[in-house]
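Throughout, a chain's letter reflects where its sequence line sits, starting with A, and its residues are numbered from 1. Heavy atoms only: backbone and side chains are in, while hydrogens, waters and symmetry mates are out.
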Amino acid sequence: MIKAVRGTRDLLPPETALWNHVESVVRDVFRAYNFQEIRTPIFEETQLFARGVGEETDIVAKEMYTWEDRGRAASDHGQSLTLRPENTAGVVRAYIEHKLGDRGLNKLYYIGPQFRRERPQKGRYRQFYQIGAEVIGPATSGSESPARDAELLEMLATLLDRLGIQNWNLQLNSVGSSSDRVRFNDALREALEPVKDKMCGDCQRRAVTNPLRVLDCKVPEDQPTIETLPRVYDYLDEASKKHFEEVTTILESVGVPFEINHRLVRGLDYYTRTAFEFTHGALGAQNAILGGGRYDGLAELLGSPQPAPGIGFAIGEDRLVMALQEAAGDLQLKPDVYIAPLGAGMNREAAKLARELRRANIVAELGDETFRLKKSFETADKIGARFILIVGENEVKADTFALKNLKSGEQVSVPRAELGQRIHL
RNA sequence: GUGGGAGUAGCUCAAUCGGCAGAGCACCGGACUGUGGCUCCGGACGUUGCGGGUUCAAUUCCCGUCUCCCACCCCA
């Protein structure tokens, strides 16, 4: 038997109804904030992620699905391509390629699959779905403003509330501008030098490769040491400090609860200044339901002639759906009516009725004339239809049909022209 | 990539010391020829994840492998 490959899965009904519900609420909420959808390719040139996400990140170093193109054209041949491991780089590439900066401030969102070759785990798959949004534009369009950070965070709080996610928790930090980061990294390395030997193996490695990640360490024995390390906040320049304070001030005034976490760092190289994560319990170890931050230098890094500060986030849709399954029962999609043709030649009559009703926006399931009436009733009951409509010779002659409410048991004779109205009630 | 647990019918799970692979639910048919849910009767259902080894005999013991789950790592 051929099975779905490791880390991928089929989403089946009725669960897909929940996914559709989530996506529909998402589109609705994003619309209120004037975001519009962008769709970028599933694969891109490998270079885009190497430069955008960062060569040193785990994602680029060991988790990407990369292959060499075998296109016929010489220009295709040998080109290194990669399934997108995240969507921000693609959006920024599109922003540059189509000169979207000329439109002013862009508020874009996407929903789609991403790919990383990780060991599968609860809430972690090799093909997973992200819902993300990006606010990006020339600095003159206000893209750098803390008002945009706060707006984005407030939108996320509204979205989670609207979906009925209970007990989410917003963690906020500033990781500084790129120059702040350089100074902070140096300070961290220096502070780690004398103490790293007594830390865990992972931290000893991080101290060299990515000192910021030491702050994220969960090993209990390392916590006292980590407490003595410098804080990012103290290495922010005046502009970054002011920016961060304005974000928190707006959040307070609009009433979005948050927690400042000086240790919050992000795993992608492009993040600057505001960094955040929404967490949720009962998701296992993968408790981050969404994460994001500002990326003021990314566009230039990817070759934009003009600076284009931006901020964005990505929601783990798989995790979001998982969090909703804990609380909500499954919403099952049920038809309004089951049409039961009864006897030879009735399929054609039933088909005509089904067409009429469906065009009147009624959800109809169609039976088969070879079924005995009892079987039709059982099927109608099983799929949860509200009504069963019997299409037999008598009914067709009279152009009046037996319509039974399966819940109440009430059965009435309804003229053809009134069926739609009767079922809509 | 590392560590731990688990794989038996569509689903949830049994199977004594190594001795004919089972139950409930679900499914199909009948009782019941134009009226469902209840009941009764019957039916179908398996490469015991896969491959190898030991044995007269393997779901059971051994080795390998794959997948899933949990955790680390990392991230969403």
Side-chain angles (χ1 to χ4, degrees), chain A residues 1-9 12 53 56-63 85-88 111-132 156 200-203 205-206 209-210 213 216-219 264-268 271 275-280 283-293 312-323 338 340-344 346 367 369-395 401-411:
Chain A
M1 185 174 45
I2 298 173
K3 294 188 285 189
V5 306
R6 183 179 173 78
T8 70
R9 58 189 181 142
L12 308 171
V53 177
E56 305 306 320
T57 60
D58 279 16
I59 293 176
V60 172
K62 55 188 195 198
E63 295 174 0
E86 58 95 57
N87 218 146
T88 299
I111 298 176
Q114 318 290 338
F115 307 85
R116 295 181 197 172
R117 204 191 58 248
E118 297 182 277
R119 184 90 171 252
Q121 196 180 319
K122 186 183 181 70
R124 196 171 79 182
Y125 307 95
R126 290 183 166 187
Q127 173 173 336
F128 59 103
Y129 293 81
Q130 285 191 335
I131 298 167
L156 284 165
C200 71
D202 284 326
C203 279
R205 177 176 52 79
R206 294 178 186 123
T209 59
N210 194 352
R213 291 232 68 90
D216 230 9
C217 178
K218 290 169 201 117
V219 176
L264 178 70
V265 293
R266 317 248 63 236
L268 283 64
Y271 285 114
F276 57 87
E277 225 172 75
F278 281 72
T279 57
H280 183 269
L283 281 184
Q286 316 303 321
N287 66 346
I289 209 165
L290 73 92
F313 62 82
I315 302 172
E317 189 174 3
D318 306 77
R319 294 180 188 175
L320 189 60
V321 167
M322 205 179 295
Y338 183 90
L342 188 65
M346 289 301 119
E369 65 188 25
T370 63
F371 293 173
R372 291 195 338 200
L373 191 57
K374 176 186 165 70
K375 176 168 170 172
S376 289
F377 266 82
E378 284 171 349
T379 306
D381 193 49
K382 190 165 71 181
I383 65 176
R386 285 164 52 230
F387 291 96
I388 184 166
L389 178 65
I390 299 168
V391 183
E393 251 179 85
N394 302 340
E395 281 82 0
F401 299 83
L403 182 69
K404 184 170 185 177
N405 184 316
L406 283 162
K407 207 166 184 181
S408 68
E410 182 200 10
Q411 181 168 330

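At a threshold of 4.0 angstrom between heavy atoms, the contacts of A:K382 are confined to the sugar-phosphate backbone, with no base atom among them. When heavy atoms are screened at a 4.0 angstrom cut-off, A:G201 is found touching no nucleic acid atom at all.
When both pairing distances are held under 3.5 Å, B:G64 makes a Watson-Crick or G-U pair with B:C50. Taking a pair to require two hydrogen-bonding distances under 3.5 Å in either a Watson-Crick or a G-U wobble arrangement, B:G3 pairs with B:C70. In a base pair of the Watson-Crick type (N1 to N3 plus N6-O4 or O6-N4) or a G-U wobble (N1-O2 and O6-N3), with each distance short of 3.5 Å, B:A44 is matched with no nucleotide. With both pairing distances under 3.5 Å, B:A76 is matched to nothing as a Watson-Crick or G-U wobble pair. Pair assignment for B:U35 gives none, since no Watson-Crick or G-U wobble pairing has each distance under 3.5 Å. For B:C20, there is no paired nucleotide, since no Watson-Crick or G-U wobble pair has both relevant distances below 3.5 Å.
We find that NZ of A:K407 is positioned 13 Å from C1' of B:G37, with the value rounded to whole Å. Note: OH (A:Y338) to C1' (B:U35) measures 13 Å, nearest angstrom. Distance, A:F371 CZ to B:G34 P: 14 Å, rounded to whole Å. Between the CG atom of A:L403 and the P atom of B:U35 there is a distance of 17 Å, given to the nearest Å. As a whole-Å value, the separation of A:L406 CG from B:C38 C1' is 16 Å. Rounded to whole Å, the distance from CD on A:E378 to P on B:C38 is 9 Å. When rounded to the nearest whole Å, the span between CD1 of A:I390 and P of B:G36 equals 10 Å. Rounded to an integer number of Å, the gap from A:R117 CZ to B:U2 C1' is 15 Å.
No cation-pi contact links A:R116 to A:F128, judged by a cut-off of 6.0 Å to the six-membered ring centre and 45° from its axis.
Between A:K62 and A:N405, the residue anchored closer to the 5' end of RNA chain B is A:N405, taking for each the nucleotide with the nearest heavy atom.
Of the candidate nucleotides B:G37, B:A71, B:G34, B:G37 has the atom nearest to the side chain of A:K374.
Between the CZ atom of A:R126 and the OG1 atom of A:T8 there is a distance of 9.5 Å, given to the nearest 0.5 Å.
Panel note: side chain A:R266, backbone A:A275; no donor-acceptor pair is recorded below 3.5 Å. Between the side chain of A:E118 and the main chain of A:P120, no donor-acceptor pair closer than 3.5 Å is present. Panel note: side chain A:R124, backbone A:R119; a donor-acceptor pair is recorded below 3.5 Å. A donor-acceptor pair under 3.5 Å is formed between the side chain of A:R319 and the backbone N or O of A:A288.
Tested against A:E378, the residues A:K374, A:K382, A:K375 include a single side chain to side chain donor-acceptor pair (under 3.5 Å) partner, A:K374.
For B:U35, the base has a donor-acceptor partner in the side chain of A:K404 [N/O atoms by modelled type, under 3.5 angstrom].
When the P atom is used for both B:U16 and B:A58, the distance is 16 Å, rounded to whole Å. Rounded to the nearest Å, the gap between the P atom of B:A9 and that of B:U59 is 14 Å. A distance of about 8 Å separates the C1' atoms of B:A21 and B:U48, rounded to the whole Å. B:G4 and B:G18 have their P atoms separated by 25 Å, with the value rounded to a whole Å. For the C1' atoms, the distance linking B:A71 with B:A14 amounts to 30 Å, nearest Å.
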Listed pairs, N/O of protein and of nucleotides 74-76 of chain B, under 3.5 Å:
from, atom 1, to, atom 2, distance (Å)
B:C74, OP1, A:R206, NE, 2.7
B:C74, OP1, A:R206, NH2, 3.0
B:C74, OP2, A:R206, NH2, 2.6
B:C74, O2, A:E118, OE2, 3.1
B:C74, O2, A:R124, NH1, 3.3
B:C75, OP1, A:R213, NH1, 3.2
B:C75, OP1, A:G267, N, 3.4
B:C75, OP1, A:G267, O, 2.9
B:C75, OP2, A:R213, NE, 3.0
B:C75, OP2, A:R213, NH1, 2.1
B:C75, OP2, A:R213, NH2, 2.5
B:C75, O2', A:R116, NH1, 2.3
B:C75, O2, A:R319, NH1, 3.3
B:C75, O2, A:R319, NH2, 3.0
B:A76, OP2, A:R266, NH1, 2.9
B:A76, OP2, A:R266, NH2, 2.9
B:A76, O4', A:Q130, NE2, 3.0
B:A76, O3', A:L290, N, 3.4
B:A76, O3', A:L290, O, 3.4
B:A76, O3', A:G291, N, 2.7
B:A76, O2', A:A288, O, 2.6
B:A76, O2', A:R319, NH1, 3.2
B:A76, N7, A:R116, NH1, 3.3
B:A76, N6, A:E118, OE1, 3.1

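Shown here for A:D318 and A:Y129, the closest heavy-atom pair between the two residues is OD1-N, 2.8 Å.
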Run the side-chain contact (heavy atoms from CB on, under 4.5 Å) test on A:L342 and A:F371 for me, step by step, so that the C-alpha distance in whole Å, both residues' side-chain angles and the decisive distance to 0.1 Å come before the verdict. CA-CA 7 Å; A:L342 188 65; A:F371 293 173; over 6 Å; no

